[in-house]
Amino acid sequence: MAVVAMAAGLMELPRVPQGAAMRDVYLHMGAMLVALTLFGTRLLLRLEHLQALEPNIVSLLLDAGGFLALTAGGWLGGKLVYSHGVGRRDRTP
């Protein structure tokens, strides 16, 4: 689903106005890429012969970091829509 969401965001990217909105887009994209990387790393580290292993401190730290990045990215995504009007037809913040 992350790839589908990224594709939708990339299709909207050319319509984002320059300035503060574009800065928030880059921060949003970065936070979501960090979340995807942390969760993906956690998944790969915790698999052995396609069997899930018990969580350890590293996997819990990766989950916590991924959650924080996902939360920050979600907040920035909301800011893009509700403050900057990105993705809205009327474009009025």
Side-chain angles (χ1 to χ4, degrees):
M1 292 312 299
V3 173
V4 174
M6 286 180 201
L10 288 175
M11 288 173 48
E12 185 68 24
L13 188 61
R15 292 181 279 232
V16 175
Q18 294 296 321
M22 189 59 79
R23 179 185 54 87
D24 286 344
V25 164
Y26 289 133
L27 290 173
H28 171 72
M29 287 179 3
M32 292 310 205
L33 283 172
V34 167
L36 178 66
T37 302
L38 290 173
F39 285 132
T41 302
R42 193 256 192 227
L43 176 67
L44 293 176
L45 288 177
R46 303 309 307 153
L47 285 179
E48 186 175 295
H49 303 291
L50 297 178
Q51 298 295 319
L53 300 173
E54 291 184 27
N56 61 12
I57 191 70
V58 173
S59 66
L60 294 175
L61 289 173
L62 288 170
D63 279 342
F67 175 77
L68 290 174
L70 197 62
T71 301
W75 180 79
L76 286 164
K79 185 177 176 186
L80 285 168
V81 173
Y82 296 112
S83 294
H84 299 296
V86 173
R88 293 173 36 184
R89 288 180 196 221
D90 59 1
R91 292 275 190 208
T92 56

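Between L36 and A2 the shortest heavy-atom distance is CD1-CB, 4.0 Å. Contact detail for F67 and F39: the closest heavy-atom pair is N-CZ, 3.5 Å. G66 approaches A35 most closely through the heavy-atom pair O-CB, 3.7 Å. When all heavy atoms of G65 and L38 are compared, the pair lying nearest together is C-CD1, 3.4 Å.
Residues L10 and V4 fall into different hydrophobic clusters, defined by Ile, Leu, Val, Met, Phe, Trp and Tyr side chains chained together at heavy-atom separations under 4.5 Å. Linking Ile, Leu, Val, Met, Phe, Trp and Tyr whenever their side-chain heavy atoms come within less than 4.5 Å leaves M29 and V34 in two separate clusters.
Between L13 and M22, some side-chain heavy-atom pair lies under the 4.5 Å cut-off. Using a 4.5 Å heavy-atom cutoff, the side chains of L76 and M32 are not in contact. Residues V25 and H84 fail the side-chain proximity criterion, which asks for heavy atoms closer than 4.5 Å. Counting heavy atoms from C-beta outward, S59 and E54 have side chains that stay 4.5 Å or more apart.
To the nearest 0.5 Å, the span separating CZ on R42 from CG on L60 amounts to 7.0 Å. W75 contributes atom CH2, which lies 9.5 Å from atom CG of L27 (distance to the nearest 0.5 angstrom).
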How far apart are the C-alpha atoms of N56 and R46, what are their side-chain angles, what is the distance that settles it, and do they pass the side chain to side chain contact (heavy atoms under 4.5 Å, CB included) test?
CA-CA 9 Å; N56 61 12; R46 303 309 307 153; 3.2 Å; yes

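Alongside L43, the hydrophobic cluster contains L47 (criterion: ILVMFWY side chains under 4.5 Å).
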